[in-house]
Amino acid sequence: MPELPEVEVVRQSLAKNFIGKKIKKVLVRNRKLRFKLNTSFEKELKNKSINKIHRFSKYLIMELNDKKFCIIHLGMSGTIHVVKKNNKKFFTNTSFYNSPNLPTKHNHIEFEFENSKLVYNDPRRFGFFQMIKDQKQLKDRFKFYGPEPFDKKFDLKYVINYFKNKNKDIKNYLLDQKFVSGIGNIYASEILYLSKINPLTSVNDLNRTQCKKIIINSKKILLNAIIKGGSTIRDFKNTFGSSGKFQKEFKVYGREKLKCKRLNCNGTIDKIVQANRSTFLCKICQK
DNA sequence: AAGAGGCCCTGATAGC
DNA sequence: TGCTATCAGGGCCTCT
């Protein structure tokens with residue numbers, strides 16, 4: 001679930017709940033995430049307050065009052081849950097999980113605040129937490145990442161220039177974080193569908209108009225997803241990233257063999273595989 | 001340098 | 001029912 005829009009929705013929720021709050025205790029149940037958690041992790045966070053919560057691409061960046069940062073990546077299956085203290089069992093019993101959306105397994109990391117808890121859950125453990133010691137190190141951490149779709153730098157000149165002498169499929173470039181940051185497998189399909197561009201098209205063969213469309217539609221799709229995510233998540237008071245109600249209306253993703261939603265198109269959505277990942281498209285209206 | 005492929009890990013689901 | 005195979009929204013690393 002976590003592409004840029006989902007991470008942004010999580011960021012907003014975390015900001016609402018934890019800005020200015022002090023981390024009283026850090027509990028780590030499993031250090032073996034995507035990267036093994038440093039032994040000093042707990043100590044570096046204990047008694048620190050959260051000044052701000054930023055986001056870059058699919059990364060959450062917690063800015064602490066000692067000017068260090070804690071970055072969080074949700075990987076494929078990471079979710080963050082907020083548990084409020086008004087649950088009686090909160091600090092007295094480990095089986096406090098009576099929030100219906102909070103899993104009982106794979107809750108690897110918890111930050112305890114005075115009146116609430118942040119719980120990090122991640123079955124596949126492709127996500128990670130990482131401490132960053134200062135602004136400079138933070139900048140270095142992301143120096144090989146391309147601009148976000150919203151970034152002014154992500155313009156026609158940048159795109160055309162980047163595609164020079166390249167010949168991968170456009171779908172793969174949308175997933176390439178060095179080119180553009182924050183787009184994942186779902187929205188890559190959606191962006192190309194909206195742009196009426198076949199995902200198999202080599203970037204060599206894209207004209208200016210098509211490049212323009214990709215830029216505009218990347219912004220459009222992601223912004224819309226943030227708005228939708230924000231509105232659907234509002235009903236979930238303590239839990240973020242829960243499945244079930246967190247649905248979006250995808251035009252192509254997951255719609256294999258269903259009818260193309262474009263007006264006056266008789267096409268059927270196909271599923272193909274590119275670089276070992278599924279791509280959904282309508283071969284009739286995506287040329 | 002660019003591009004292809006393997007791999008980290010668990011859980012849900014499909015097929016037999 | 002229970003086994004095995006396949007697939008999942010990410011990104012890093014290695015090899016060619």
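Proteins get letters first, then strands, A, B, ... in listed order; numbering begins at 1 in each. Heavy atoms only: backbone and side chains are in, while hydrogens, waters and symmetry mates are out. Bear in mind that the values here come from a model prediction, so they are computed numbers and not experimental data.
Between L174(A) atom CG and dG11(C) atom P the separation is 14 Å, expressed in whole Å. For the pair D169(A) CG and dA2(B) P, the computed distance is 16 Å after rounding to whole Å. When the P atom of dG10(C) is taken as reference, atom CG of L60(A) falls 15 Å away, rounded to whole Å. Look at CG on N107(A): it is 12 Å from P on dG11(B), rounded to the nearest Å. dC12(C) atom C1' lies 14 Å from atom CD1 of I71(A), rounded to whole Å. The interatomic distance linking K32(A) (NZ) with dC8(B) (C1') rounds to 11 Å, in whole Å. Rounded to whole Å, atom C1' of dG3(B) lies 15 Å from atom CZ of F163(A). If you take CG of N172(A) and C1' of dG3(B), they are 9 Å apart, rounded to a whole angstrom.
With respect to the salt-bridge test (charged N to carboxylate O, under 4.0 angstrom), the residues K168(A) and D176(A) qualify. In this structure, K25(A) does not pair ionically with E42(A), as no charged nitrogen and carboxylate oxygen lie closer than 4.0 Å. A salt bridge links K68(A) with E44(A): at least one charged nitrogen is closer than 4.0 Å to a carboxylate oxygen. Ion pairing of E112(A) with K24(A) is absent here, as no side-chain N (NZ or NE/NH1/NH2) approaches a carboxylate O to less than 4.0 Å. Using a 4.0 Å cut-off between charged side-chain N and carboxylate O, E190(A) and K251(A) make no salt bridge.
With 3.5 Å as the limit, one finds no donor-acceptor pair spanning the side chains of S181(A) and E148(A).
At dC7(C), none of the side-chain N or O atoms of K271(A) fall inside 4.0 Å of OP1 or OP2 (strictly under the cut-off). Between S278(A) and dA8(C) there is a side-chain polar atom (N or O) within less than 4.0 angstrom of OP1 or OP2. At dG11(B), one or more side-chain N or O atoms of H106(A) fall inside 4.0 Å of OP1 or OP2 (strictly under the cut-off). Between K36(A) and dC8(B) there is no side-chain N or O to OP1 or OP2 distance below 4.0 Å. Side-chain nitrogen and oxygen atoms of K58(A) include at least one within less than 4.0 Å of the OP1 or OP2 phosphate oxygen of dG11(C). OP1 or OP2 of dG10(C) has not a single side-chain nitrogen or oxygen of Y187(A) nearer than 4.0 Å. The side chain of N167(A) contributes an N or O atom lying less than 4.0 Å from OP1 or OP2 of dG3(B).
Of the listed nucleotides (dA8(C), dG10(C), dC12(C)), dC12(C) has the atom at the smallest distance from the side chain of Y145(A). Listed nucleotides dG11(B), dG6(B), dG10(C) differ in distance to N276(A); the shortest reach to its side chain belongs to dG6(B). Nearest nucleotide to the side chain of K168(A), out of dA4(B), dC12(C), dG10(C): dA4(B).
In a base pair of the Watson-Crick type (N1 to N3 plus N6-O4 or O6-N4) or a G-U wobble (N1-O2 and O6-N3), with each distance short of 3.5 Å, dG9(C) is matched with no nucleotide. In this structure, dC9(B) makes no Watson-Crick or G-U wobble pair, since no nucleotide meets both defining distances under 3.5 angstrom.
Residue R124(A) places a side-chain atom within donor-acceptor reach of the base of dC9(B), judged by atom type and a 3.5 Å distance cut-off alone. Judged by distance alone with a 3.5 Å cut-off, no donor-acceptor contact links the side chain of R277(A) to the base of dA8(C).
At a threshold of 4.0 angstrom between heavy atoms, the contacts of R125(A) are confined to the sugar-phosphate backbone, with no base atom among them. Across all strands shown, Y173(A) has heavy atoms under 4.0 Å from sugar-phosphate atoms exclusively, and none from any base. Here Y59(A) lies in heavy-atom contact (under 4.0 Å) with sugar-phosphate atoms only.
Stacking of F126(A) onto the six-membered ring of dG11(C) is not present when judged by under 5.5 angstrom between centres and under 30° between planes.
A distance of about 14 Å separates the P atoms of dG6(B) and dT6(C), rounded to the whole Å.
Looking at which nucleotide of DNA chain B each of K166(A) and A275(A) is closest to, the 5′-most match is held by K166(A).
Between Y59(A) and F142(A), the ring-plane angle classifies as perpendicular under the 30° and 60° cut-offs.
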